[in-house]
Amino acid sequence: MTAAIEFQGVEKRYGTTLALENITLEVPKGELVVLIGPSGCGKSTLLRLVNRMIEPSGGKLLVEGQNVLEADAVRLRRSIGYVIQSIGLFPHMTIFENVEVVPSLLNWDKLKKRSRAAELLNMVGLEPEKFGSRYPKQLSGGQQQRVGIARALAADPQILLMDEPFGAVDPITRERLQEEFLRIQREIQKTILFVTHDIDEAVKLADRICLMRDGKVEQYATPENLLAYPSSDFVRDFVGADRELKRLGRVSVASLMRPVAKVDIRFQTSETASVLGTLSARDALSRLLEAGGELLVLDAQGGIIGTISLNDLTVANMDYRQRKP
Ligand SMILES: Nc1ncnc2c1ncn2[C@@H]1O[C@H](COP(=O)(O)OP(=O)(O)OP(=O)(O)O)[C@@H](O)[C@H]1O
Ligand SMILES: [Mg+2]
């Protein structure tokens, strides 16, 4: 894998506090890596090293192959998108102007800036005609958060740093922002370092999760593997007692179903409930708890591709289907 960001034995001291200790970590290009762990474990510190808001006290940090200490700090910062919980929109600037902050610093011409801002506002679900000329305080918290994301993407950075970007919004808005954000990321495929406190958010969004503890990496793994093979009691406790349910949230019905080669005559006459193969196994479980028995699994064209029952949703079946320690 090509690493967009590479920590090699990185250390960060604040006076006598060792905030980060011997961090070795590779963030692959185009992946979304979530940093998670108890308060004070060093998540924000790790993030802020990447665009050189702070500098390492030891070890080496490479961004796109270049040692950050040898990069031009201003140029580096402008080339990396940054989103924080408090959003940090400029209150005296319109939404358009907020999104255009970095392009303005880069001297883009007016027309190019505005069309880019409009494109991004559309992408995050805010109509530019309606919202572009408003001021931040005339938007809800969730809408401001979207503007924050649009602003971070304005100059088309290859890397995005996001520090609890959805931390300040209500649970429903948060879920909607997560869905939209995932949809956008599938399109733009940026390298993203994303900090959260919320293990469900981590499991939902991450390609990989880096679980930290006291300035060190406790486990770095895909969500599937973190849930299936916690490396210590600390990880096990952190992911929670319902880790099997969380695992179901990461796999599709199609990956656990019993495929059917051709449609069984039984199903043409019965009124068996059905689910799409792309649905998460966790959602299928909810449906099974309602419907009982088994469900037909359909492809996008409505063709029957398999069946799924409670027996297919067991840990043993998940382990069997996705054996990759
Ligand atoms: N500027 C600073 N000066 C001194 N100590 C600091 C400074 N910034 C952070 N620290 C310390 O470094 C450690 C890691 O802080 P950091 O902000 O990275 O934690 P975090 O994991 O982001 O926590 P949270 O989840 O609460 O945001 C903490 O012990 C913190 O007190
Ligand atoms: Mg923090």
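Please read all numbers here as calculations on a predicted model, not as lab measurements. Just follow the structure's listing: the first ligand is 1, and inside any ligand the first atom is 1.
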Run the salt-bridge test on [X] and [Y] with the 4.0 Å N-O cut-off and return the result as yes or no.
| X | Y | result |
| --- | --- | --- |
| E179 | K204 | yes |
| R247 | E244 | yes |
| E164 | K43 | no |
| K60 | E6 | no |
| R13 | E11 | yes |
| D242 | K246 | yes |
| D198 | R174 | yes |
| R116 | E100 | no |

What's the shortest distance from [atom] to any protein heavy atom, and which residue and atom give it?
| atom | value |
| --- | --- |
| atom 17 (O) of ligand 1 | S44 CB, 3.8 Å |
| atom 6 (C) of ligand 1 | Y14 CD1, 3.2 Å |
| atom 29 (O) of ligand 1 | G40 O, 3.9 Å |
| atom 26 (O) of ligand 1 | S39 OG, 2.5 Å |
| atom 25 (O) of ligand 1 | K43 NZ, 2.8 Å |

Proximal ligand 1 atoms for [X], defined as those under 4.0 Å from one of its heavy atoms:
| X | value |
| --- | --- |
| H197 | 25 (O) |
| T45 | 14 (C), 15 (O), 16 (P), 18 (O) |
| A19 | 12 (O), 13 (C) |

Before signing off on this row, confirm whether G42 and ligand 1 have an N or O atom pair separated by under 3.5 Å. yes

Would you say atom 31 (O) of ligand 1 makes contact with the protein, given that contact here means a non-hydrogen protein atom less than 4.0 Å away? no

With a 4.0 Å cut-off on heavy atoms, is M212 touching ligand 1? no

Using 2.8 Å as a strict upper limit, say whether an N, O or S atom of T45 approaches the Mg ion (ligand 2) that closely.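 No, outside the cut-off.
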
